[in-house]
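Remarks on the structure that follows.
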Number of protein chains: 2
Amino acid sequence: MDQRKTALIFKAFCDENRVRILNLLRGGEKCACRLLEEMSISQPTLSHHMRILCDSGIVVGRKEGKWMHYRICSEGVQLAKEYLDGLTNAQTLDEEKPCCE
Amino acid sequence: MDQRKTALIFKAFCDENRVRILNLLRGGEKCACRLLEEMSISQPTLSHHMRILCDSGIVVGRKEGKWMHYRICSEGVQLAKEYLDGLTNAQTLDEEKPCCE
DNA sequence: TTTACATATTGACAAATGTAAATCTATTGA
DNA sequence: TCAATAGATTTACATTTGTCAATATGTAAA
């Protein structure tokens, strides 16, 4: 369980604007200009968030001419779900001594 | 879909030290002093992270005498999973016009 | 009621993050 | 080739976050 990678993946979900962007992308692939229309942030700020979303693996971009089309990446989402499971499922390894009794 | 709440929940997973703490708690309930032993951070810093983990709903604390025992909260985890699903599942509402063609 | 101990809170500070203006790059169309 | 457009990058700055020392709070033991 790589802590650095885990933190990187979930950076996608811990900022309100990025959550908003993901919600918009649930409706299907959208280009940056369309996202920009629906958000109240500047173009460089959108670009910054799109980079973080792509770095996390939750979103992928596709360039078509002048336009960048972004969509939610199901493989990335699947990985996030596996990490979330892995992080929160109990592990039954060696019997733990009770703590501070 | 509340963006603020979503961001709050996933704050639990976007810092390396908190990921580390969650991994430690997978072995079962642990008191703060035990967590402190296994991490290389100060006591106030641990306390700070435990507050964020509790605020996110992923961890709950139980006070017993001088000690605080922390454990992963399965209800909180379940909610996080639902939010993750909700954020990343495609919605099939009105047919979207193709973007920027 | 002291004393010791576990943990939380406060305060200060450095590092990371979010933001927008200005600029750069790439692509299209005239 | 030149102008226009979409988006990324750079720069600067304000806010947020992570960190620890010092202190406060609460509990148990002497």
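Predicted model, so just to flag it, every value in this text is computed and none were measured. Below, read A as the first sequence line, B as the second, and so on, with proteins coming before strands; counting in each chain starts at 1.
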Check this one for me: any side-chain N or O of [X] less than 4.0 Å away from OP1 or OP2 of [N]?
| X | N | value |
| --- | --- | --- |
| B:Arg34 | C:dA6 | no |
| B:Arg18 | D:dG18 | yes |
| B:Tyr70 | C:dA8 | yes |
| A:Arg51 | D:dG7 | no |
| A:Thr45 | C:dT19 | no |

Grab the [atom1]-[atom2] distance between [X] and [N] for me, whole Å please.
| X | N | atom1 | atom2 | result |
| --- | --- | --- | --- | --- |
| A:Arg20 | C:dG18 | CZ | P | 17 Å |
| B:Asp15 | C:dA15 | CG | P | 16 Å |
| A:Trp67 | D:dA8 | CH2 | P | 14 Å |
| A:Ile41 | D:dG7 | CD1 | C1' | 13 Å |
| A:Leu53 | C:dG18 | CG | P | 10 Å |
| B:Asp55 | C:dA8 | CG | C1' | 13 Å |
| B:Glu64 | D:dG26 | CD | P | 19 Å |
| A:Met39 | C:dT19 | CE | C1' | 12 Å |

Would you say A:Arg18's side chain and A:Leu53's backbone share a donor-acceptor pair under 3.5 angstrom?
no
Can any side-chain N or O of B:Thr45 pair as donor or acceptor with the backbone N or O of B:Ile41 at less than 3.5 Å?
no
Can a donor-acceptor pair under 3.5 Å be found between the side-chain atoms of A:Gln43 and the base atoms of D:dA8?
yes
Would you please classify the geometry between the A:Phe13 ring and the B:Phe10 ring as parallel, tilted or perpendicular, with 30° and 60° separating the classes?
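It falls in the tilted class, 30° to 60°.
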Across the strands shown, which category fits B:His49 at heavy-atom distances under 4.0 angstrom: base, sugar-phosphate, nothing?
sugar-phosphate
Over all strands shown, is A:Leu36 touching base, sugar-phosphate only, or nothing at heavy-atom distances under 4.0 angstrom?
nothing
If you check every side-chain atom of [X], which of [options] has the closest atom?
| X | options | answer |
| --- | --- | --- |
| B:Ser42 | C:dA20, C:dT7, D:dC20 | D:dC20 |
| A:Cys31 | C:dA21, C:dA8, D:dG7 | D:dG7 |
| B:Pro44 | C:dT7, D:dT9, C:dT9 | C:dT9 |
| B:Lys11 | D:dG7, C:dT19, D:dT17 | D:dT17 |
| B:Lys66 | C:dT10, D:dG26, C:dT17 | D:dG26 |
| B:His48 | D:dA8, C:dA26, D:dT19 | D:dT19 |

Counting only Watson-Crick or G-U wobble pairs whose two distances fall under 3.5 Å, which nucleotide matches C:dT17?
D:dA14
First encountered from the 5' end of DNA chain C, between A:Lys63 and A:Ile52:
A:Ile52
For B:Val59, the option from B:His49, B:Arg51, B:Met50 that meets side chain to side chain contact (heavy atoms under 4.5 Å, CB included):
B:Met50
Rounded to the nearest 0.5 angstrom, the SG-OH distance for B:Cys31 and B:Tyr70 is 10.0 Å
With a 4.0 Å cut-off on N to O distance, would you call B:Arg62 and B:Glu29 a salt bridge?
yes
